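Everything below concerns the one structure shown next.
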Amino acid sequence: MSFRPLHDRVLVKPLDAEEKTAGGIIIPDTAKEKPMEGKVVSVGAGVRGDDGKLHKLDVKKGDRVLYGKWSGTEVRIGGDDLLIMKEADILGIVE
């Protein structure tokens with residue numbers, strides 16, 4: 001299945017949360033926090049500015065990004081759990 005977000009929306013695959021702490025303690029699934037880092041799967045075409053021109057997004061497919069803890073809408077596409085969010089919800093790109 002193929003999916004392309006519209007306008008300034010971004011499709012992100014959350015990266016798995018850490019299984020162990022730095023000290024080696026295994027974290028059970030019930031105690032894990034929601035991941036705040038993910039990989040961009042697909043991006044929309046951009047948003048039209050007041051001048052009528054299409055402004056491309058700063059993020060692109062394959063970027064590793066950080067986003068807010070409660071950002072985006074959870075969806076299931078092709079068996080994968082993904083997030084759809086606006087580009088403004090993304091805090092930055094990990095380089």
Side-chain angles (χ1 to χ4, degrees):
M1 172 189 261
S2 179
F3 179 83
R4 183 177 54 90
L6 298 176
H7 308 294
D8 65 338
R9 289 185 174 77
V10 180
L11 186 65
V12 176
K13 179 176 177 71
L15 297 177
D16 293 331
E18 291 292 322
E19 299 287 327
K20 290 184 183 180
T21 65
I25 298 172
I26 297 174
I27 303 170
D29 288 339
T30 55
K32 287 182 189 172
E33 292 197 20
K34 286 181 67 169
M36 295 185 302
E37 187 174 351
K39 183 178 176 185
V40 175
V41 176
S42 181
V43 297
V47 65
R48 294 220 180 263
D50 293 335
D51 57 1
K53 293 182 181 177
L54 185 67
H55 298 279
K56 299 270 185 192
L57 302 181
D58 290 329
V59 297
K60 62 187 180 307
K61 182 178 178 178
D63 282 347
R64 193 168 161 186
V65 295
L66 296 176
Y67 50 87
K69 186 177 255 188
W70 306 110
S71 299
T73 302
E74 295 176 356
V75 295
R76 187 171 194 90
I77 299 174
D80 291 325
D81 291 326
L82 304 169
L83 290 170
I84 298 174
M85 63 183 70
K86 289 191 169 247
E87 185 186 36
D89 291 337
I90 295 174
L91 304 174
I93 299 171
V94 178
E95 296 181 338

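Bear in mind the structure is a predicted one, so any value in this text is a computation, not a measurement. Throughout, numbering of the chain's residues begins at 1 and tracks the sequence.
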Check: Say you draw a straight line from OG1 of Thr73 to CZ of Arg9; how long is it, rounded to the nearest 0.5 Å?
Finding: 8.5 Å
Note to self: Would you say Tyr67 ends up clustered with Val59 if hydrophobic residues are merged whenever their side chains have heavy atoms under 4.5 Å apart, either directly or through other cluster members?
What the structure shows: yes
Next item on the list: Please indicate whether His55 has more than 12 foreign heavy atoms, meaning atoms of other residues, nucleotides or ligands, lying under 6.0 Å from its NE2.
Entry: yes
Next item on the list: Could you tell me which non-hydrogen atom of Gly44 sits nearest to which non-hydrogen atom of Leu57, and how far apart they are?
Entry: O-CD1, 3.8 Å
Margin query: A quick test of your reading: do over 12 heavy atoms of other residues, nucleotides or ligands sit less than 6.0 Å from CG of Asp51?
Written below: yes
Next item on the list: Return the minimal non-hydrogen interatomic distance between Asp63 and Asp58, and the atom names on each side.
Entry: OD2-O, 4.3 Å
Check: Shortest non-hydrogen contact from Asp81 to Arg76?
Finding: OD1-NH1, 2.6 Å
Next item on the list: Verify the cluster assignment for Val40 and Leu66: are they in a single hydrophobic cluster under the rule of side-chain heavy atoms below 4.5 Å apart?
Entry: no
Checklist line | salt bridge (Lys or Arg N to Asp or Glu O under 4.0 Å) pairs, two or more places apart, involving residues 83-95 | finding: Asp8-Lys86
Notebook entry, point to check: Side chain of Asp80, backbone of Leu82: donor and acceptor closer than 3.5 Å?
Noted result: no
Next item on the list: Working to the nearest 0.5 Å, report the span between CE of Met85 and CD of Glu74.
Entry: 10.0 Å
Check: What is the distance from atom NZ of Lys69 to atom CE of Met36, rounded to the nearest 0.5 Å?
Finding: 5.5 Å
Notebook entry, point to check: According to a 4.5 Å side-chain heavy-atom criterion applied to Ile, Leu, Val, Met, Phe, Trp and Tyr, with indirect links allowed, do Ile93 and Val10 form part of one hydrophobic cluster?
Noted result: yes
Note to self: How close do Ser42 and Phe3 get, counting heavy atoms only, and between which atoms?
What the structure shows: OG-O, 3.5 Å
Margin query: Are Val75 and Val41 linked, directly or through intermediate hydrophobic residues, by side-chain heavy-atom contacts shorter than 4.5 Å (ILVMFWY only)?
Written below: yes
Notebook entry, point to check: Less than 4.5 Å apart, any side-chain heavy atom of Arg64 and any of Leu15?
Noted result: yes
Notebook entry, point to check: Which heavy atom of Ser71 sits nearest a heavy atom of Leu83, and at what distance?
Noted result: O-CD2, 4.1 Å
